[in-house]
Amino acid sequence: MAKLQIRGKDLRKIGYPETPVVSVAIGVMEQYYKRHSLEAALQILKDIMLTPADYLEDPVLGKVAKAFLPEKEEGVEYSLNRDGVPFSIFGAGDIGEGALHQMYLAAKLPVAVAGALMPDAHSGYGLPIGGVLATDNAVIPYGVGVDIGCRMCLSVFDIPAGDLDRKESLFTRELEAATLFGSGAQFKEAEDHPIMDRKTFQEIRLLRSLHARAWKQLGTSGSGNHFVEFGWVEVNQWDPVLKLDPGCYVGLLSHSGSRSLGANIANYYTRLARSKRRLPQEVNHLAWLSLDEEEGMEYWTAMNLAGDYASACHEVIHTRIASSLGRKPMRTVENHHNFAWREIHEGKAVIVHRKGATPAGKDVLGIIPGSMTAPGFIVKGRGVPASISSAAHGAGRRMSRSQAMASISEHAFKEELAKSGVRLIGGGLDEAPFAYKDIETVMRAQQGLVDVVGTFRPRIVRMDG
DNA sequence: ATGTCC
């Protein structure tokens with residue numbers, strides 16, 4: 001007989017609050033009511049929710065009932081400042097109200113020092129995607145985001161540009177052989193890499209429990225907007241930082257992050273932060289940890305490990321493909337866009353959170369992709385203080401995933417790919433080019449923040465699905 | 001973003 005299994009979302013559906021009562025209820029039902037059907041169990045839980053006082057004496061269900069009653073509240077209570085710190089908005093005309101509102105709220109946090117909103121911004125959990133927030137000695141796990149260390153990595157090969165068309169099937173096979181996509185995807189055999197020997201994996205208890213799966217996911221790409229693609233890199237003019245002769249090259253561009261490792265770190269430490277610091281409901285995702293306290297330092301260490309792990313994932317992919325092609329890249333450009341850094345902003349040491357924002361310090365290289373058919377850009381930062389030395393991390397979504405699925409037709413999608421001459425492996429309607437803003441508009445909105453030193457035009461794209 | 005589990 002199937003064992004009873006209740007999920008948090010089942011309880012949310014019948015009106016359970018976002019409190020620990022959820023885990024108590026799941027625990028009690030799965031232990032003592034495991035022979036009940038899901039429907040029967042939910043009915044009982046619903047009754048308890050409506051009249052918890054009636055169940056207080058019940059030796060088993062009383063545990064759930066008690067969890068509904070007000071308890072001694074833990075953690076320190078904080079309120080938002082009346083006025084937020086001022087922040088610059090780039091490309092305001094194309095930024096949705098949701099993202100703006102989230103940024104205004106973040107600016108009112110007691111630890112906020114400065115902020116900025118990038119032209120590809122859209123709403124996320126806590127800080128908007130495309131949001132930059134500098135804080136005073138505090139790190140906000142959801143200011144970094146769930147996919148810690150998510151990044152772009154570009155290898156430029158000295159391969160004749162015409163090969164991409166001429167040997168399309170060869171490059172397609174490379175992508176198929178060397179990458180693995182999918183939400184829970186992992187390899188059967190773990191890849192050897194020094195990152196997996198880091199002491200940190202043993203020193204922090206949470207990380208110890210995540211090591212085995214992280215190892216099997218090393219070099220995988222995950223899902224969503226992540227991709228690995230071949231395309232053309234074009235450089236028009238010598239740049240002393242990029243150091244590539246003008247010309248057209250074959251490029252390998254990848255976009256992915258730290259897989260389940262980063263997600264688990266993010267969720268664990270945001271829970272910890274939320275239990276230590278209680279914030280008004282509308283900003284409860286923005287709970288922070290102080291870098292003076294043990295938990296904050298631990299998050300910082302774990303976040304940095306996840307960032308290095310994300311980098312290693314790209315390295316594995318690029319090394320595999322390069323060695324299969326029998327080539328060494330002439331140049332590699334790489335940048336995180338979900339991370340927190342210690343930086344000096346206007347003379348003051350701050351923690352800069354970039355959640356879906358490209359670091360754009362003076363002469364710092366980065367990659368800003370368009371869409372699967374639109375060009376991307378190799379950029380060099382100008383270190384503009386108003387943007388907290390940041391830029392957009394892509395075109396940004398114009399439609400939500402569900403909106404895209406409902407409004408874009410398979411036919412129009414295929415036609416667009418054909419028109420652009422792009423071969424797509426995997427990839428769903430929710431990632432169709434129409435779901436994204438126009439990258440040229442986004443680049444115009446931030447032309448003061450970065451200089452374009454090269455372009456990338458996608459040709460063979462692999463995504464999940 | 002992640003095989004979500006508070």
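All values below were derived from every heavy atom in this structure, side-chain atoms included, with hydrogens, water molecules and symmetry-related copies excluded.
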task: Take the protein atom CG of A/D464 and the nucleotide atom P of B/dG3, then report the distance between them rounded to whole Å.
output: 11 Å

- line: Separation of B/dT2 atom C1' from A/H226 atom NE2, nearest Å, is 10 Å

task: Scan A/S258 against the nucleic acid and name what it touches under 4.0 Å (heavy atoms): base, sugar-phosphate only, or nothing.
output: nothing

- prompt: Using a cut-off of less than 4.0 Å, is there contact between a side-chain N or O of A/R7 and OP1 or OP2 of B/dC6?
  reply: no

Atom pair distance, as rounded to whole Å: OH in A/Y125 and C1' in B/dT4: 10 Å

- request: When you get a sec, tell me which of B/dG3, B/dC6, B/dA1 is the closest nucleotide to the side chain of A/N225?
  value: B/dA1

message: What is the distance, to the nearest angstrom, from the CD1 atom on A/I6 to the P atom on B/dC5?
response: 16 Å

query: Taking all non-hydrogen atoms of both residues, which atom of A/A306 and which atom of A/S258 are closest, and how far apart?
result: O-CB, 3.5 Å

message: Does B/dG3 have OP1 or OP2 under 4.0 Å away from a side-chain N or O of A/Q217?
response: yes

- line: Regarding the side chain of A/R271, the nearest nucleotide among B/dT2, B/dC6, B/dA1 is B/dC6

- line: Residue set satisfying side chain to side chain contact (heavy atoms under 4.5 Å, CB included) with A/S256, at least two apart, ordered chain then number -> A/S221, A/H226, A/H314

Residue mapping more 5' on DNA chain B - nearest nucleotide basis, A/V22 or A/S221: A/S221

- request: Report the distance from atom CD of A/Q5 to atom P of B/dC5, rounded to the nearest whole Å.
  value: 13 Å

query: OP1, OP2 of B/dC6 versus side-chain N and O of A/R274: anything below 4.0 Å?
result: no

query: In whole angstrom, what separates A/K9's NZ from B/dC5's C1'?
result: 11 Å

- request: Could you work out which one of B/dC6, B/dA1, B/dG3 sits closest to the side chain of A/R12?
  value: B/dC6

query: Would A/Y104 and A/F87 count as a close aromatic pair, with their ring centres under 6.0 Å?
result: yes

query: Would you say a side-chain N or O of A/S183 is under 4.0 Å from OP1 or OP2 of B/dA1?
result: no

message: Regarding A/G224, tell me which of base, sugar-phosphate or nothing describes its non-hydrogen contacts under 4.0 Å with the strands shown.
response: sugar-phosphate

message: Less than 4.0 angstrom between a side-chain N/O of A/R213 and OP1 or OP2 of B/dT2, yes or no?
response: no

query: Which whole-number value in Å describes the distance from A/L127 CG to B/dA1 P?
result: 16 Å

- request: Look at the side chain of A/S260 and decide which nucleotide, out of B/dA1, B/dC6, B/dG3, has an atom nearest to it.
  value: B/dG3

- prompt: Between A/Q217 and A/S260, do the side chains contain an N or O donor and an N or O acceptor separated by less than 3.5 Å?
  reply: yes

message: Can you measure A/K13 atom NZ to B/dT4 atom P for me and round it to whole angstrom units?
response: 16 Å

message: With no hydrogens and no angle check, just 3.5 Å: does a side-chain donor-acceptor pair link A/N267 and A/Y142?
response: yes

